[in-house]
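Here is the structure we will look at.
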There are 2 protein chains.
Amino acid sequence: MLGNVRGRKSSREKILDAAAELVAEIGAGRLTLDAVAERAGLSKGGLLYNFPSKDALLQAMIQRMIDQVSDAKESLRAQMAPGPNLEARLVATTLLNMCCGGKMQEVATGLMVASAENPRLLDPVRGVISATLEQVKANSDDLDAALLGWLAVEGLSNLEMHNLSPFSDQDRERIVQAINRLLTKGIAK
Amino acid sequence: MLGNVRGRKSSREKILDAAAELVAEIGAGRLTLDAVAERAGLSKGGLLYNFPSKDALLQAMIQRMIDQVSDAKESLRAQMAPGPNLEARLVATTLLNMCCGGKMQEVATGLMVASAENPRLLDPVRGVISATLEQVKANSDDLDAALLGWLAVEGLSNLEMHNLSPFSDQDRERIVQAINRLLTKGIAK
DNA sequence: GTCTATATCAAGATAGAC
DNA sequence: GTCTATCTTGATATAGAC
């Protein structure tokens, strides 16, 4: 896992990059080991040395995705403006940033593959979401607003993940501002 | 299509039922024509007479799903309490009802299959979502609240679709009430 | 309109050389 | 650690009988 501070990417990482790209390009249901091997620049044998089965590859994709979101969230934590519903604003900002940057596509498609081929691969994701709920609950001044803001971000992310979003850039900007307003000011009484 | 007011279900419908059940049970990526045929009580040849390809079957699944949601929404319209953001409340109530009843599982998995195997199958869904946005925009007293409420419902539905929801029954009830409050009272100033 | 039988092919996985 | 070659399975789709 470690030991790659300098030097080129390990095969493992090249493979994971290739798989993520492919899922985004050709769809989750069409991800094959042949295609991943070709994209990563090695043979199917070499691929299967690194990941002994397709399930193992998918599992690693999911885990890397979780780690990326988690890292992004934690590095954002220091920069967040103080105020109410901190945890919910942190989650919201992280997800909204990743959607924009195109990184979310990878997240999305990883989820798709997983739940299509083997729903149990989503177990780690379940864990993260449960933990997030606990954190949001423990760190919210207005729980209703925090949960709604979080869910709205989830909804927007999901639409964008599947290329189903009907929103223009202006719409989206308006929505993001509305979410922030909800998280800082709450629902009307 | 018509001509089945009385009498037992057409083969077409038995097949679509079987496919929907199977996707919910074994996952989208494992839906095979053999399994559908067996569940529907006919042979693979008989299945392929009704739907000449797997894509045709998936397309019909998506379309039926869209029609079911649309029908549910329209039959709810008459019963909706008057008030602000009518269209958004209508969409929200429809989706939240379907989630609960388990019907949403079918919706979800239909989407999964589609986007996993052939993203273009989601084109009709894109159309519905765009149309919904237009209706919500045209019929909202508080557009920010309407969009946020809609997105929160989407977020909750999506989590439940993938069995990722971390919410207890109490949590969920609280969230549903908060969404209704948001849609009727808006965001705090 | 539904059946059986079969063609065809793609994909995951294994074995052993280098 | 990576390669080539091969095995095996399972799935879509076709052809033609009933």
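By convention in this document, chain letters (A, B, ...) are assigned in the order of the sequence lines, proteins followed by strands, and residues within each chain are numbered from 1.
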How close or far is atom [atom2] of [N] from atom [atom1] of [X], stated in whole angstroms?
X	N	atom1	atom2	value
A:L31	C:dA10	CG	C1'	14 Å
A:K54	C:dG12	NZ	P	4 Å
B:L42	D:dC18	CG	P	21 Å
B:N50	C:dG1	CG	P	8 Å
A:L57	C:dA13	CG	C1'	14 Å
B:F51	C:dG1	CZ	C1'	14 Å
B:L33	C:dT4	CG	P	16 Å
A:E38	D:dT4	CD	P	12 Å

OP1, OP2 of D:dG1 versus side-chain N and O of A:Y49: anything below 4.0 Å?
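For A:Y49, the contact criterion (side-chain N or O under 4.0 Å from OP1 or OP2 of D:dG1) is met.
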
OP1, OP2 of C:dT2 versus side-chain N and O of B:S11: anything below 4.0 Å?
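Checking B:S11 against C:dT2: at least one side-chain N or O falls below 4.0 Å of OP1 or OP2.
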
Got a salt bridge between A:R64 and A:D71, using NZ or NE/NH1/NH2 to carboxylate O under 4.0 Å?
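The answer is no: the pair does not qualify as a salt bridge.
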
Heavy-atom nearest nucleotide on DNA chain C for A:L48 versus A:T32: which residue maps closer to 5'?
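Result: A:T32.
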
Does A:D169 CG have over 12 foreign heavy atoms under 6.0 Å away?
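Atom CG in A:D169 is not crowded, with 12 or fewer foreign heavy atoms closer than 6.0 Å.
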
Where the side chain of A:K44 is defined as all heavy atoms beyond and including C-beta, which of C:dG12, D:dA13, D:dC3 is the nearest nucleotide?
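Closest of the options to the side chain of A:K44: C:dG12.
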
Report yes or no: does B:R89 contribute a side-chain atom to a donor-acceptor pair with the main-chain N or O of B:G149 at less than 3.5 Å?
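No: the side chain of B:R89 does not pair with the backbone of B:G149.
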
Nearest non-hydrogen partners of B:P166 and B:D171, listed with the distance:
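Shortest heavy-atom contact: O-OD2, 4.4 Å.
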
